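If you're wondering where the values come from, they're calculated on a predicted model, not measured in any experiment.
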Amino acid sequence: MDGKNRIVKEILDSVEKKMESGESLSLEAMEAHTGYSRFYLNRIFSEVTGCTIHRYIMERRLTEAARKLVETDKTIVEISCEADYQSQQAFTLAFRRVYGCTPMAYRERKHFTPLREQTKQKKTGNIACCTRTDLWRCAA
């Protein structure tokens with residue numbers, strides 16, 4: 001694995017660990033963890049994955065929120081707080097922008113469609129961040 005892929009793997013592993021533990025995710029924390037500047041990290045991440053670290057984190061949070069909407073009975077306010085949004089309104093706007101419908105409409109649909117998943121190609125070990133192109137969107 002070359003240097004860039006190793007750095008991206010470190011970033012992805014860090015994001016996943018912090019999401020599982022509920023820790024705050026920030027470029028500054030990743031900068032301190034890896035020893036590289038946040039500008040360099042973002043540039044390398046974008047080159048390898050095709051998206052910025054910020055966008056990846058936002059889409060991973062929204063993916064987990066969509067999963068919770070379908071698989072749990074938590075309120076939308078609880079889910080928006082767990083997704084690290086300051087208000088339900090901010091969460092609803094971000095969710096609608098990406099999924100094309102409100103969180104309530106998505107919940108009523110009762111079918112989870114991941115927006116962004118982390119994958120690792122088995123043969124090459126290359127890291128890829130997959131964005132779903134067949135994403136279901138509400139008719140709006």
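- From Arg55, atom CZ reaches atom OG1 of Thr49 across 9.0 Å, with rounding to the nearest 0.5 Å.
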field: Working for salt bridge (charged side-chain N to carboxylate O under 4.0 Å, His left out), residues Asp2 and Arg6
entry: CA-CA 6 Å; Asp2 74 350; Arg6 183 186 51 75; over 6 Å; no

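- Here side-chain hydrogen bond (donor to acceptor under 3.5 Å, both in side chains) pairs that include residues 25-35, with residues two or more places apart or in two chains, are Glu28-Arg38.
- The salt bridge (Lys or Arg N to Asp or Glu O under 4.0 Å) test applied to Lys17 returns no partner, not counting sequence neighbours.
- Cys51 SG to Glu59 CD: the interatomic distance, rounded to the nearest 0.5 Å, is 6.5 Å.
- Counting only heavy atoms from C-beta outward, the side chains of Leu12 and Arg60 never approach each other to under 4.5 Å.
- Residues satisfying the salt bridge (Lys or Arg N to Asp or Glu O under 4.0 Å) criterion with Arg61, sequence neighbours excluded, are Asp84.
- Here the OG-CD1 distance, from Ser46 to Ile53, works out to 7.0 Å after rounding to the nearest 0.5 Å.
- Thr92 has its side chain within reach of Pro103: a pair of non-hydrogen atoms, C-beta onward, lies under 4.5 Å apart.
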Scan the side chains in residues 68-77 for donor-acceptor partners under 3.5 Å anywhere in the protein, sequence neighbours excluded, and list what turns up.
unit_1: Lys68; atom_1: NZ; unit_2: Glu82; atom_2: OE1; d: 2.8
unit_1: Glu71; atom_1: OE1; unit_2: Arg67; atom_2: NH1; d: 3.2
unit_1: Thr72; atom_1: OG1; unit_2: Lys68; atom_2: O; d: 2.5
unit_1: Thr72; atom_1: OG1; unit_2: Lys74; atom_2: N; d: 3.4
unit_1: Lys74; atom_1: NZ; unit_2: Glu82; atom_2: OE1; d: 3.1
unit_1: Lys74; atom_1: NZ; unit_2: Glu82; atom_2: OE2; d: 2.8
unit_1: Thr75; atom_1: OG1; unit_2: Glu78; atom_2: N; d: 3.1
unit_1: Thr75; atom_1: OG1; unit_2: Glu78; atom_2: OE1; d: 3.3

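- Here the straight-line distance linking atom CD of Glu64 with atom CG of Leu62 works out to 10.5 Å at 0.5 Å rounding.
- Tyr40 is linked by a ring-ring contact (aromatic ring centres under 6.0 Å, His included) to Tyr36, counting only residues two or more places apart in sequence or in another chain.
- The line from OG1 of Thr102 to CZ of Phe91 is 10.0 Å long, rounded to the nearest 0.5 Å.
- The nearest pair of heavy atoms linking Ile11 to Leu41 is CD1-CD2, 3.9 Å.
- Minimum heavy-atom separation, Thr63 to Tyr99: CA-OH, 3.8 Å.
- Considering only heavy atoms from C-beta on, Phe45 stays 4.5 Å or farther from Ile7 through its side chain.
- Listed by chain and residue number, Lys4, Arg43 satisfy the salt bridge (Lys or Arg N to Asp or Glu O under 4.0 Å) test with Glu47 (two or more places apart in sequence, or in another chain).
- When all heavy atoms are compared, the tightest approach of Phe95 to Cys101 is CD2-O, 3.4 Å.
- Nearest heavy atoms, Ala94 versus Tyr85: CB-OH, 3.5 Å.
- In the hydrophobic cluster analysis, where Ile, Leu, Val, Met, Phe, Trp and Tyr join through side-chain heavy atoms closer than 4.5 angstrom, Leu93 is grouped apart from Tyr106.
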